[in-house]
Protein chains: 2
Amino acid sequence: MNGHAVPPPGTQTLARGLDVLRAVAGGATDLKAVCLETGIGRSTAHRLLQLLDQRGYLRSSQGVDYSLGPTLIELGFHALYQSPVPTVARPILEQLVNKYHDTVHLAVEDGGKVLYVDKISGSRGAEMRSRAGYRMPLSRTGIGKALLLDEPERWAEMFDEDHAEAVPAPEIRAKFLSRMRVYAQQGTTLDLEENEPGIRCVAASVRNGSGAIVAAISISATNPYMPMDRMRALVPVMHQTALSISKKLGYSGTLRDMS
Amino acid sequence: MNGHAVPPPGTQTLARGLDVLRAVAGGATDLKAVCLETGIGRSTAHRLLQLLDQRGYLRSSQGVDYSLGPTLIELGFHALYQSPVPTVARPILEQLVNKYHDTVHLAVEDGGKVLYVDKISGSRGAEMRSRAGYRMPLSRTGIGKALLLDEPERWAEMFDEDHAEAVPAPEIRAKFLSRMRVYAQQGTTLDLEENEPGIRCVAASVRNGSGAIVAAISISATNPYMPMDRMRALVPVMHQTALSISKKLGYSGTLRDMS
DNA sequence: AAACCTCATCCGTAATATTGGGATAGGGTC
DNA sequence: GACCCTATCCCAATATTACGGATGAGGTTT
């Protein structure tokens, strides 16, 4: 049930401690649940919980009802700020929201998934369920596809990974790949309700000083607010917005360092 | 150099792993620095770094130049959302900023410190250095004092702790304590440039369904924007704002469960 | 251009820290 | 009041970790 690649030898205790953290994040609130989820013995799990609690990685009321702790909040924001991307993108994305009134996201890739890093809700339409810190499939979201534009060799792999549950018809897969080629040329992508029925978005890639894709931005709305012609109109807007963020990150043109 | 209370037995490896995380958060970017900071051996530290990197708690470019990783971002936001406070407070705080144009903070207490949980920058004055995820002394900030209002027995202790470097005159300490008594009665506190010269703020306590203080809010600005009469005018405003957040958390009146 | 230095990475064994079952204690429920 | 479930503590067997040294790569100085 626990799909960790290869627990490197010599760190079993740390690995188990991190498993405990994951278990609590996944909703385990007491010792028994943590044991079941992780497969660790009562006694051992209890000891790990104790330390994590003491250090603030977990919070508990006298040993029961565990939840993620304030230290994770501290380190999480610290991690966020160690990258310049969220900071430089923020004001630019706020302008975008003010002008177009739809919800805007900033995301990076992590471990084969989209990781939302910032979200600014638009002033109209339904509130989206997404939040900073959430993960989504790469190949099923506009913002995820924008993160993949430089790596054609991963397109098929990611598509298959994200459609493992219900394998689609081969022509769907072919259409995805051919669309990706078009998206790659224009530097922007579309999401036509692939991930969430009724939700459409336009996304674009953000690059750093060496030309590598380090993030992506998207603007999303429910389909009444996102007819095709509006999406087409937003393509150059998102492209320009992403470019201005990229430039603040030192992106100078079209160089793409592959060394 | 490492001031951890008592590393509980049976979890040395996990404790060291967390120390490594702290070291990286503190600016250690390579193996040597981590070793120096934590006192762990080269080989051992390397192994821990490897696992933390693999699990996304750290990010590295082929083993050098470590920084905090995306998993911490994920878990950090997760920790944030496990409490209802930031979510219910957000829209109310946004209204506050729109009306008064100064910077607003939301904070909780953690480990004897203020932990900022949200920040909305005002539209005027200098940008404040604070950020969500940062820590500050309890006794030297308005928002920290608001977190302490229910616990008179900790006032002196916290004051002494936060002034250990340069011990102030006894009358300063006495004045602090007498002001705290006044603040406790009105449910709001002031910060008269005690922590940051030139920065003043008005803060108020947020309570949950059982009447316990679970958070605090503050509005801050540089002193030209915060003359005494404006501060006085903001006291009832902050009190009401905090109360409306408290009510959304189930706070029903004045009960204060001390069981 | 070659030698030198520093750093990350890997390995093997000695020794240590960890494991997990069982016993204890504290709450809550029937 | 008895019972059941849970968290907590303890201890000996054991598997795990720690650490010094060897290897290799990268960069700098002579």
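Letters A, B, ... mirror the listed sequences (proteins, then strands); counts begin at 1.
A:Tyr134 and B:Tyr81 have perpendicular rings, their planes meeting at more than 60° on a 0 to 90° scale where under 30° would count as parallel.
For A:Arg47 and C:dG21, the CZ to C1' distance is 13 Å, given to the nearest whole Å. In this structure, B:Arg42 atom CZ and C:dT6 atom P are separated by 12 Å, rounded to whole Å. A:Asp65 has its CG atom 17 Å from the C1' atom of D:dC5, to the nearest Å. The interatomic distance linking B:Gln12 (CD) with D:dT17 (C1') rounds to 8 Å, in whole Å. For B:His46 and C:dT9, the NE2 to C1' distance is 5 Å, given to the nearest whole Å. Rounded to a whole Å, the CD atom of B:Gln50 is 13 Å from the P atom of D:dA18. In this entry the distance linking CG of A:Leu49 with P of D:dA7 reads 9 Å, nearest Å. Put simply, CZ on B:Arg16 is 13 Å from P on C:dT16, counting in whole angstrom units.
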With both pairing distances under 3.5 angstrom for Watson-Crick or G-U wobble, and | for a partner in another strand, the correct string for DNA chain D is ||||||||||||||||||||||||||||||

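With 3.5 Å as the limit, one finds no donor-acceptor pair spanning the side chains of A:Arg16 and B:Thr13.
Salt-bridge annotation for A:Arg59 and B:Asp110: absent, with no side-chain N of the basic residue lying under 4.0 Å from a carboxylate O of the acidic one. Using a 4.0 Å cut-off between charged side-chain N and carboxylate O, B:Lys113 and A:Glu74 make no salt bridge. Salt bridge annotation for A:Arg135-A:Glu109: absent, with no cationic side-chain nitrogen under 4.0 angstrom from a carboxylate oxygen. A salt bridge does not link B:Arg131 to B:Asp118: none of the charged side-chain nitrogens sits closer than 4.0 Å to a carboxylate oxygen. Of the charged side-chain nitrogens involved, none lies within less than 4.0 Å of a carboxylate oxygen, so that A:Glu37 and A:Arg22 do not count as a salt-bridged pair.
Contact between the side-chain N/O atoms of A:Thr44 and the OP1/OP2 oxygens of C:dG20 is found at a separation under 4.0 Å. Not one side-chain nitrogen or oxygen of A:Thr11 sits closer than 4.0 Å to the OP1 or OP2 atom of D:dT17.
The nearest heavy atom of DNA chain D to A:Leu31 and to B:Ile40 marks one nucleotide each, and the one closer to the 5' end goes with A:Leu31. Nearer the 5' end of DNA chain D, as judged by each residue's closest nucleotide, is the contact made by A:Asp30, out of A:Asp30 and B:Gly41.
Side-chain atoms of B:Lys32 lie closest to C:dC7 of the nucleotides C:dC10, C:dC7, C:dT19.
Judged by atom type and distance alone, B:Ser43 does not reach the base of D:dG21 through any side-chain donor-acceptor pair under 3.5 Å.
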